[in-house]
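Only one structure is covered here, and it is reproduced in the block below.
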Amino acid sequence: MHSVKHTGGSDKEAAKGHRMRNKKKTVVRSRRLFSRKRKFMAGLLAAVCPGLGHIYLGLYRKGIAFIFTLLLDASALLYFSSIGMQINVPLLILLALVIPVTYFYNVYDVLQSADYVILHRVRNSGQEVREASPYRNPFTVERSSFFGIMLIAGGALMFLFYQKPRWLKIYLEDYGKVVVAALLVAAGLWAGCREIWILRKQRGSQNPDREKSGH
């Protein structure tokens, strides 16, 4: 009798463990399905309207920044086409290229941000993730002061484009090409310094790991 009771208890424990494993598998499947749907929706919204995908993921400042950039670029194109000034080919080419570059980078960035959000959510849910995150934290931009500076400067430019002061037209006719060249040089220097800083940071993070492994 004692052996029969013991066998029945072990069967109940085995059945309970089996139900718990099935429940965990169901939860993991539902989370994976939700993550895929969330990434698909973010990419779809970003493709329909740049910035909406970031707002869907909770990156409100970055989403507004993409929308604001396209509005500012469209305002600049309308301004140069309406004032009848002498055609500044480099400036018009630069303004025309901003739209496709911003659009495709918006789609790429929202997919990378969705992967980070999904990986962060998996870690918080208690699932084991052994590999380090290959994605940069997109929420660091949400806490920077660049957003406010961009809104102030962009708002001032949009105000000038709609008011169309005479001195702005004269300034762009005389110094427009020089301004475009200076902006391109500044953008190249910023990109180069940024890459150098990232490489140094990566090497600095690898050196302590090597020292630890050596010890």
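Computed from a predicted model, the values in this text were never measured in an experiment.
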Student check: side-chain heavy atoms of Leu94 and Leu184 closer than 4.5 Å: yes
side-chain contact (heavy atoms from CB on, under 4.5 Å) evaluation trace for Phe146 with Arg61: CA-CA 10 Å; Phe146 176 76; Arg61 291 189 177 185; over 6 Å; no
Same cluster (ILVMFWY, side-chain, under 4.5 Å), Met158 and Ile64: yes
Matching residue for Tyr79 among Leu168, Leu157, Leu95, Leu160 - test: side-chain contact (heavy atoms from CB on, under 4.5 Å): Leu168
Hydrophobic cluster membership, Tyr162 vs Phe68, 4.5 Å side-chain cutoff: yes
Interatomic spacing from CG in Leu52 to CE in Met41 - rounded to 0.5 Å: 10.0 Å
Qualifying residue, where the test is side-chain contact (heavy atoms from CB on, under 4.5 Å) with Asp73 and the options are Thr69, Leu70, Leu77: Leu77
Full working for side-chain contact (heavy atoms from CB on, under 4.5 Å) between Lys39 and Val110: CA-CA 8 Å; Lys39 184 177 181 180; Val110 80; over 6 Å; no
OH on Tyr103 to CZ on Phe66, rounded to 0.5 Å: 12.5 Å
Verdict with supporting geometry, Phe80 and Lys169, side-chain contact (heavy atoms from CB on, under 4.5 Å): CA-CA 9 Å; Phe80 288 112; Lys169 178 182 177 180; over 6 Å; no
Interatomic distance, Tyr60 atom OH to Ile55 atom CD1 [nearest 0.5 angstrom]: 8.5 Å
Joint hydrophobic cluster, Leu189 plus Trp197, side-chain heavy atoms closer than 4.5 Å: no
Pairwise distance CZ(Phe147) to CG(Leu151) - rounded to 0.5 angstrom: 4.0 Å
ILVMFWY network linking Tyr171 to Leu183, side-chain heavy atoms under 4.5 angstrom: yes
Minimum side-chain heavy-atom gap Leu59-Ser113 below 4.5 Å: yes
Shared hydrophobic cluster, Tyr105 / Leu111 (ILVMFWY, side-chain heavy atoms < 4.5 Å): no
Ser75 OG to Leu71 CG distance, which is reported to the nearest 0.5 Å: 6.5 Å
Trace of the side-chain contact (heavy atoms from CB on, under 4.5 Å) decision for Tyr116 with Gln112: CA-CA 6 Å; Tyr116 177 87; Gln112 296 293 311; over 6 Å; no
Approximate separation, where rounding is to 0.5 Å, of Ile196 CD1 and Lys201 NZ: 16.0 Å
Side chain to side chain, Asp109 and His54, heavy atoms closer than 4.5 Å: yes
